[in-house]
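Some notes on the structure that comes next.
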Protein chains: 2
Amino acid sequence: MQESGTITAAILVIGDEILSGRTQDTNTSHIARFLGTIGIDLRECRVVPDVEDEIVAALNALRVRYTYVFTTGGIGPTHDDITADAVAKAFGVGIGYHPEAMALMAARYKKPEDFNDMRKRMARIPDTATLIKNSVSAAPGFQIGNVFVMAGVPMVMKAMLEELSSRLERGAIMHVATVEAHLPEGQIAAALAKIQSGHKTASVGSYPFYREDGPGTQLVVRGRNMAEVEAAACEIEVAVRSEGVEPRRI
Amino acid sequence: MQESGTITAAILVIGDEILSGRTQDTNTSHIARFLGTIGIDLRECRVVPDVEDEIVAALNALRVRYTYVFTTGGIGPTHDDITADAVAKAFGVGIGYHPEAMALMAARYKKPEDFNDMRKRMARIPDTATLIKNSVSAAPGFQIGNVFVMAGVPMVMKAMLEELSSRLERGAIMHVATVEAHLPEGQIAAALAKIQSGHKTASVGSYPFYREDGPGTQLVVRGRNMAEVEAAACEIEVAVRSEGVEPRRI
C-alpha cells in the first residue's frame, strides 16, 4: 500500500456533533490542503462518536497504516471530552497531569480558583506524549508516536497544526493543474480516459459543477512529476477545444 | 454495539477530491441531518480515495456493522468513477448494463450518439441491485442489500436521498434542546457532568464558539425521551444562571 518514499496521513475526527449534523466539519479540508502543501498524501478520514472503544479501534487501525494520524476534537474540559484517555488506552500507556501543561494553563487564569478541576482535565496527557502548544487558548494538544491530537475548534486546531508542522517529514510536492470547461463530463470522458492511460504518474480527476454561468466540468491533474502533469493538462485543453469549447486554466 | 431497536447508519464518502482538500464535503452533514429527522443514528463516516481495494475494504467493514450504509461519489461517466465495480466486488456479484437504467438514460439524450460508451458506463449496475432514480440528471444510483450508492454532486445526492427515503426503516426521533450561554465551557463543566450523570438516557454535549458578540458555549442535550431531554436542558439553564449569565434557548 505505502509506496517507498511516500509520506501518508489519515485524519480521525472525534465528535458526536459531526455525526448528528449539528456541526459542519471544516477541519478535514483545512488539514488536507495543509498536508498537500508539504507533500504529505492524505489517504483516509474517519469520523467517530465520543465513545472510547470507537476512538481506540479507529486510532489503532489508522496509526499502523499511515505515516501520521491527526485527530481533532474531544480535548476540552467537559465530561464528553474523552480523547486523551482513549489515546492513552490505544497506546497502552498511563495518563496523568503533565507539569508543563499545568503550568501553561495556570498562567492563563488570573484567579487561581478559575483553574478548576474540570479545566485541569485538559492538562491530563498520556505518558510519553509531548505537548503541542496552543497559542489561542493555552490548553495544549499532544503528540504520541505518529499521532497528533488536536482540538476540534477550528481556530485552535489551525494554531496547533501550525505549531506541530516543523515535526513532520515533508514529501515531494504534488503538482496540480486544473482545466475548467463548460462541457458535460460525459462528452469528454473518452478523451480523458485515453489521456489518463498515457500519463501513469499523474491522476486525472473529473468534477462536474452546476453554476449560474452554466454547468461544466473541472478537470484536475495531480502528480509529483510537474512535466507530466503539465503535458496531461495540455492534452486536456486540446480535447476540450476539439469539442468546440474554449478551456480555462484556473 | 447495536442496541435492539436502534437503527444505525454509516456514510462512506468516495473521492480523491475530498482527500486533496479540493472539495469541501457537505454531503455528510446533509445526510446526517436527514437521518436525524427519521430517527436513524449516524455512527461513523469514512472518506476513502478512488481506489478499488480501499472502497471494498471500507464498505465490507461498514455494511456488517450498521443497519444502513450510504455511499457518495464515484458513479459518473469518467475513468475514475469506479464505485459500481467496487460495490459489486464487495458483494461478490457480477455487474452489467441494467435495462431500466439504460432506458432512463437513453431518454435523456436527444441525439442517440450523445449516449456514448462512457455515459453508458453509468448504466452498469451490480447484479441484484435496485435503482435509485435521479430526477436531476437521469443516471441512477442503486441499492444493494443495506447499501445505498449515491452520486457525489450535492444536488444529485439530495435528489437520490429523497427518492430512497421511503425504503428506510424509521426509528424513534432524537429530541434536541440547545442552550446557548456567553460563558466559557470550563466554568460550567462541573455542573454539566453532574447533569449528565443524572440523565442517563440523554447525552449532554458542550461546544464552545468564538463569535463577534463574544465567546461562549452551546450546550446540547440529545435523547429519545423528550421529558428527560427537557429536564436536563432546564437544569443547564439553572446552572448557567447561577454563574450570573442569562441562557438562551436556540
Side-chain angles (χ1 to χ4, degrees), chain A residues 11 13 16-26 28-36 41-50 54 58 76-81 114 116-119 121-122 153 155 174 176 185-187 189-190 192-193 196-197 203-210 220 222, chain B residues 11 13 16-26 28-36 41-50 54 58 76-81 114 116-119 121-122 153 155 174 176 185-187 189-190 192-193 196-197 203-210 220 222:
Chain A
I11 296 173
V13 175
D16 292 350
E17 70 277 20
I18 308 295
L19 293 171
S20 72
R22 180 194 168 276
T23 301
Q24 166 69 57
D25 167 70
T26 57
T28 295
S29 66
H30 181 86
I31 298 169
R33 289 191 304 272
F34 169 79
L35 294 176
D41 283 1
L42 179 63
R43 293 285 174 87
E44 183 172 350
C45 303
R46 295 194 192 184
V47 186
V48 296
D50 300 317
E54 298 294 319
T78 57
H79 60 278
D80 57 337
D81 288 303
D114 282 347
N116 61 34
D117 286 349
M118 293 304 277
R119 284 177 169 139
R121 275 169 51 79
M122 294 192 280
V153 175
M155 189 172 26
M174 193 68 90
V176 183
E185 61 176 350
Q187 197 172 330
L192 282 183
Q196 172 68 86
S197 67
S203 82
V204 179
S206 168
Y207 307 108
F209 60 80
Y210 298 85
V220 179
R222 294 170 55 84
Chain B
I11 296 173
V13 175
D16 292 350
E17 70 278 21
I18 308 295
L19 294 171
S20 72
R22 178 194 170 278
T23 302
Q24 165 69 58
D25 167 69
T26 57
T28 296
S29 65
H30 181 86
I31 298 169
R33 289 192 303 271
F34 169 77
L35 293 176
D41 283 2
L42 179 62
R43 293 285 174 88
E44 181 172 351
C45 304
R46 296 194 191 184
V47 187
V48 296
D50 299 317
E54 298 293 320
T78 58
H79 60 278
D80 57 337
D81 290 304
D114 282 347
N116 61 35
D117 286 350
M118 293 304 277
R119 284 178 168 140
R121 275 170 52 79
M122 295 191 280
V153 175
M155 189 174 21
M174 193 69 90
V176 183
E185 59 175 350
Q187 198 173 329
L192 283 183
Q196 172 68 85
S197 67
S203 83
V204 179
S206 168
Y207 307 108
F209 60 80
Y210 298 85
V220 179
R222 294 168 56 83

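Being a predicted model, the structure only gives us computed values, none of them experimental. Below, chain A is the first sequence line, B the second, and so on; all start at residue 1.
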Top contributor to chain A contacts, counting heavy-atom pairs under 4.5 Å, from [options]:
options                      : answer
B:T23, B:V48, B:V176, B:V153 : B:V153
B:A32, B:G76, B:G205         : B:A32
B:L192, B:N116, B:T78        : B:T78

Practice task
Tell me, for B:E17 versus chain A, whether the close heavy atoms (under 4.5 Å) come from the side chain, the backbone, both or neither.
Solution key: both
Handout entry: Nearest non-hydrogen partners of A:E185 and A:Y207, listed with the distance
Key = OE1-N, 4.3 Å
Exercise for the section: Can you see which heavy atom on A:S29 is nearest to which on B:Q24, and at what distance? Expected result: OG-OE1, 2.9 Å
Problem - Any residue meeting salt bridge (Lys or Arg N to Asp or Glu O under 4.0 Å) with B:R46, in chain and number order, not counting sequence neighbours - result: B:E44
Exercise for the section: Could you tell me the separation between the CG atom of A:L42 and the CD1 atom of A:I31, rounded to the nearest 0.5 Å? Expected result: 8.5 Å
Completion exercise
By ring pair (Phe, Tyr, Trp, His ring centres under 6.0 Å), A:F209 pairs with (sequence neighbours left out) A:H182
Completion exercise
When the 4.5 angstrom heavy-atom criterion is applied to A:R222 and chain B, the contacting part is side chain
Exercise for the section: Can you tell which part of A:D114 gets under 4.5 Å to a heavy atom of chain B, answering side chain, backbone, both or neither? Expected result: neither
Exercise for the section: For the residue pair B:R121 and B:D81, establish whether any side-chain heavy-atom pair is separated by less than 4.5 Å. Expected result: yes
Shorter than 4.5 Å, heavy atoms on both sides: which option in [options] has the most such pairs with chain B?
options                      : value
A:C45, A:A189, A:S197, A:P77 : A:C45
A:A193, A:P208, A:S203       : A:A193
A:V204, A:D117, A:V13        : A:V204
A:I18, A:T26, A:D16          : A:T26

Practice task
Would you check if the side chain of B:E54 reaches a backbone N or O of B:P49 as a donor-acceptor pair within less than 3.5 Å?
Solution key: no
